[in-house]
2 protein chains.
Amino acid sequence: MTRQGFAIGALSQQSECNIETIRYYERIGLIPRAERRGRYRYYTNEDADRLRFIKRARSLGFAIEEIRDLLRLTKSGSDDGIDACADAKAIALLNLNNVKARLDDLKRMEAVLTDAIGACDRDIFRGCPILATLSGTYKTDEHGNLP
Amino acid sequence: MTRQGFAIGALSQQSECNIETIRYYERIGLIPRAERRGRYRYYTNEDADRLRFIKRARSLGFAIEEIRDLLRLTKSGSDDGIDACADAKAIALLNLNNVKARLDDLKRMEAVLTDAIGACDRDIFRGCPILATLSGTYKTDEHGNLP
DNA sequence: CTTGAGTCTGTAGTGGCTACAGACGGTACA
DNA sequence: TGTACCGTCTGTAGCCACTACAGACTCAAG
């Protein structure tokens with residue numbers, strides 16, 4: 001570190017983002033092109049903050065393009081605060097719905113899998129309950145469909 | 001339909017798999033190379049069964065390579081029935097654990113998002129609760145981390 | 001004979017990274 | 001001054017499971 005700022009390895013540790021991921025984010029323009037000294041990228045605390053923001057948003061399921069929008073909102077002037085919050089809320093709601101849909105899907109999977117695996121131990125069944133479930137010949141509902 | 005069997009469009013309808021997906025499955029060897037009459041692929045009911053098996057397995061979260069293994073198990077002789085069932089159970093358990101892990105992740109996301117969105121309506125907060133959550137400056141725990 | 005629907009191959013794109021190869025930079029220590 | 005070694009660079013390709021074309025063909029009905 002010649003004067004100030006830190007190289008990509010330090011940023012990676014601070015933000016808990018993979019080095020390759022950081023370079024990827026730069027490539028797609030999610031973070032600005034880093035200042036260079038020589039060939040090396042050098043970063044500030046502001047860059048680290050931005051990256052931690054991204055990391056948190058990703059861990060909450062936001063898509064890259066949503067995060068792009070959210071980042072833009074953080075930069076809007078204080079006059080736009082209420083608008084920005086409404087926009088952020090709209091994006092978060094979309095994401096929440098997405099998360100809920102995926103939850104419903106996974107809950108259904110969990111139930112069916114748990115059932116089929118349980119049957120392996122419990123049932124004396126002509127054949128394998130798991131393979132039968134997948135073949136559509138086990139515990140079908142009144143329409144002949146798996147739950 | 002000249003004699004017997006049906007073309008890919010009919011198979012697509014029967015199995016509820018996209019035509020492109022069926023061709024993709026053939027390309028990666030998940031289903032055998034279809035019999036051809038002229039240039040067109042022709043399929044039997046057995047093919048449709050296999051594809052429905054795959055479709056159900058995918059909808060339960062099994063990965064393609066797991067499905068490859070499961071399909072192999074369905075073809076093992078009746079002598080291997082108990083072994084095959086144990087193998088199927090092992091694969092299903094791996095998948096169930098995977099599903100559970102994803103469920104836990106999504107539940108955490110749902111909780112945080114619901115909280116932050118709720119705060120938008122409830123709280124009089126200096127700034128946007130959602131953006132604050134992502135910035136790490138809202139409702140942090142005793143270690144300063146987001147939940 | 002034409003029309004229109006179905007099918008064909010091959011390739012490229014999606015999202016969000018991750019993993020190299022092979023070259024270059026910078027520093028600590030002998 | 002040498003050298004060892006880690007960090008960083010660019011560029012490209014791979015992952016998963018599809019999906020979406022373009023542009024050519026096949027085939028049956030009218």
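Everything quoted here is computed from the prediction, not taken from an experiment.
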**Q** Regarding G9(B), tell me which of base, sugar-phosphate or nothing describes its non-hydrogen contacts under 4.0 Å with the strands shown.
**A** sugar-phosphate
**Q** Tell me, do C85(B) and L131(A) make a side-chain contact under 4.5 Å, heavy atoms counted?
**A** no
**Q** Let me know the distance between CZ of R68(B) and P of dA17(D), rounded to the nearest Å.
**A** 10 Å
**Q** State whether the distance check finds a donor on one side and an acceptor on the other, under 3.5 Å, for side chain Y40(A) versus base dT8(D).
**A** no
**Q** Taking the side chain of R39(A) as its heavy atoms from C-beta onward, which of dC8(C), dC17(C), dC9(D) lies nearest to it?
**A** dC9(D)
**Q** Tell me: CD of E65(A) to C1' of dG16(C), nearest whole Å?
**A** 11 Å
**Q** Within the side chain of R41(B), is there an N or O that forms a donor-acceptor pair under 3.5 Å with the backbone of A7(B)?
**A** no
**Q** Under 4.0 Å from any atom of DNA chain C, heavy atoms only: list the residues of residues 19-27 of chain A that qualify, in numerical order.
**A** E20(A), T21(A), Y24(A), Y25(A), R27(A)
**Q** What side-chain donor-acceptor pairs closer than 3.5 Å can you find for residues 9-25 of chain B, not counting sequence neighbours?
**A**
{"residue": "S12(B)", "atom": "OG", "partner": "C17(B)", "partner atom": "O", "Å": "2.6"}
{"residue": "S15(B)", "atom": "OG", "partner": "L11(B)", "partner atom": "O", "Å": "2.7"}
{"residue": "S15(B)", "atom": "OG", "partner": "C17(B)", "partner atom": "N", "Å": "3.3"}
{"residue": "N18(B)", "atom": "OD1", "partner": "E20(B)", "partner atom": "N", "Å": "3.0"}

**Q** Rounded to the nearest 0.5 Å, what separation is found between the CG atom of L106(A) and the CG atom of L60(B)?
**A** 11.0 Å
**Q** Please report the distance, rounded to the nearest Å, between OH in Y42(B) and P in dC8(C).
**A** 9 Å
**Q** With sequence neighbours excluded, give me every side chain to side chain donor-acceptor pair (under 3.5 Å) pair touching residues 62-72 of chain B.
**A** E65(B)-R68(B), D69(B)-R72(B)
**Q** Between R41(B) and dT7(C), is there a contact of a side-chain N or O with OP1 or OP2 at under 4.0 Å?
**A** no
**Q** If you pin I8(A) and N18(B) to their nearest nucleotides in DNA chain D, which one's is more 5'?
**A** I8(A)
**Q** Whether the side chain of R33(A) engages the backbone of R27(A) through a donor-acceptor N/O pair (distance < 3.5 Å, no angle test) should be reported.
**A** no
**Q** When the distance from CD of E35(B) to P of dC8(C) is rounded to whole Å, what number comes out?
**A** 13 Å
